[in-house]
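First up is the structure itself, then whatever we jot down about it.
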Amino acid sequence: MNKKFNLENLVRNNIRGLKPYRSARDDFNTGILLDANENSFGSPVENDLELNRYPMPYQEKLRSKIADFRKVDQQNVFVGVGSDEAIDLLFRIFCSPGKDKIIINPPTYGMYKVSANINNVRIDEILLTEDFQLQTDKILNKVTDFTKLIFVCSPNNPTANNIDRNDIIDLIQNFDGLVVVDEAYIDFSEQDSFAEEVKNYPNLVVLQTLSKAFGLAGIRLGIAIADPVVISYMLKVKAPYNVNKLTSSVALKAFDEIEKVQKNIQHINTEKQRVLSALEGLDQIVKVFPSDANFLLFRVENALEVYKKLAQAGVIIRYRGNEPRCENCLRLTIGTAQENDRFLEALREILSKS
Ligand SMILES: *Cc1c(COP(=O)(O)O)cnc(C)c1O
């Protein structure tokens with residue numbers, strides 16, 4: 001445990017004293033409900049979700065389902081409109097605009113920087129090492145009284161690898177702000193989630209999402225797992241009805257279909273190995289990086305040109321060559337066997353002509 005950590009001191013003054021919006025459903029949720037200016041005549045669209053009524057502000061049922069799955073308590077779980085909402089809320093709760101700072105570790109997920117910029121929060125960048133691991137000493141040396149959050153993405157996007165668990169724990173134990181571990185790809189990984197560690201570390205926030213392994217990017221459901229005090233601030237600051245009924249209804253069903261989710265994860269990981277071997281067999285592929293996610297990062301001669309030619313052939317992947325340490329790198333999401341074969345076919349064709 002980090003003895004110097006004090007969450008209440010970390011929270012912005014205006015948020016600590018915030019009186020949250022009280023919705024009609026905070027007072028009563030049964031009876032003849034004529035208190036929220038809803039339309040008692042119903043929605044014009046057939047549906048058994050009572051869409052004429054506002055959703056539950058605190059999503060207790062969904063949060064408790066997620067908590068059971070991740071072996072934490074409902075009080076440890078926040079749900080929002082994608083991970084993006086959780087990231088934005090952390091900035092709004094802990095970082096005073098124009099004053100506070102965060103640390104990120106490029107090459108990494110672009111949203112931390114965008115969200116920091118939107119909130120006028122300064123960013124210190126400490127690059128990952130050549131093999132895409134944290135430089136923990138450099139990170140801790142960069143910390144000032146204004147540093148409120150350190151973002152670690154594991155498995156990391158776009159590099160695909162796990163970040164060393166001991167390095168993350170080192171940060172949590174030696175930083176007096178919050179360490180945010182983004183586990184968007186954790187279910188593809190051999191590595192254990194940090195979710196249960198929130199019981200040991202009040203300055204740890206774990207981000208997860210239904211957008212990747214669960215195959216539900218379209219419903220926009222993001223998850224934060226943390227100490228109940230952090231979660232209570234997130235619930236206080238969020239928009240009252242952030243998660244809508246269509247989303248929560250589908251999300252709840254997904255947790256009853258875990259076998260399907262696991263089967264898809266296995267398929268994707270098997271396909272990943274197959275594509276990785278195929279790529280390694282090609283002369284112009286300089287390197288395929290190890291992956292614990294549902295995508296591969298690889299280095300190829302003339303990457304930008306290869307990327308453009310693939311697009312011309314109708315196969316769209318991501319050029320990451322502008323990211324630090326990612327010169328000539330492309331990022332490929334693993335698709336179905338058929339999609340992956342189309343990619344490999346197009347790539348072979350392009351490389352044979354170059
Ligand atoms: C895809 C991804 C997410 C997911 O964001 P959502 O808003 O939940 O869809 C979060 N973090 C990382 C690193 C990602 O790559």
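Counting convention: from 1, in listed order, for ligands and their atoms alike.
Ligand 1 lies less than 4.0 angstrom from a heavy atom belonging to Arg220. For the ligand labelled ligand 1, residue Cys153 lies inside the 4.0 Å heavy-atom shell.
Contacts between Ser83 and ligand 1 below 4.0 angstrom, taking non-hydrogen atoms only, involve backbone and side chain alike.
Given atom 15 (O) of ligand 1, the protein heavy atom at minimum distance is Tyr185 OH, 2.6 Å. Of the protein's non-hydrogen atoms, the one nearest atom 3 (C) of ligand 1 is Lys212 NZ, 3.3 Å. The single protein non-hydrogen atom nearest to atom 11 (N) of ligand 1 is Asp182 OD2, 2.7 Å, given as residue, atom name and distance.
Of all the atoms in ligand 1, the ones that sit under 4.0 Å from a non-hydrogen atom of Ala184 are 2 (C), 3 (C), 10 (C), 11 (N), 12 (C), 14 (C). Atoms of ligand 1 lying under 4.0 Å from any heavy atom of Ser211, numbered from 1 in the order shown and given with element: 6 (P), 8 (O), 9 (O). Within ligand 1, the atoms closer than 4.0 Å to a non-hydrogen atom of Asp84 are 7 (O), numbered from 1 in the order shown.
Cys95 and Val121 make their closest contact through CB-CG2, 3.5 Å (heavy atoms, listed as atom of the first residue, atom of the second, distance).
A cation-pi arrangement is present between Arg165 and Phe194 under the rule of less than 6.0 angstrom and at most 45 degrees off the ring axis.
A donor atom on one side chain and an acceptor atom on the other are not found under 3.5 Å apart for Glu301 and Gln284. Side-chain atoms of Asp170 and Asn174 form a donor-acceptor pair, as typed in the model, at a separation below 3.5 Å. A side-chain N or O of Asn119 and one of Asp88 form a donor-acceptor pair less than 3.5 Å apart.
Considering each of Thr209, Ile223, Asn294, Ile219, the one bringing a non-hydrogen atom nearest atom 8 (O) of ligand 1 is Thr209.
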Quiz item: Does the pair Tyr201 and Phe175 meet the rule for a ring pair (Phe, Tyr, Trp, His ring centres under 6.0 Å), with working shown?
Solution: CA-CA 11 Å; Tyr201 302 112; Phe175 175 51; over 10 Å; no

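Any N or O atom pair closer than 3.5 Å counts here, and Tyr112 shares no such pair with ligand 1.
Tyr112 and Phe146 fall into different hydrophobic clusters, where Ile, Leu, Val, Met, Phe, Trp and Tyr side chains are chained together by heavy-atom contacts under 4.5 Å.
None of Ile102, Ile15, Leu7, Leu89 except one satisfies the side chain to side chain contact (heavy atoms under 4.5 Å, CB included) rule with Phe94; the exception is Leu7.
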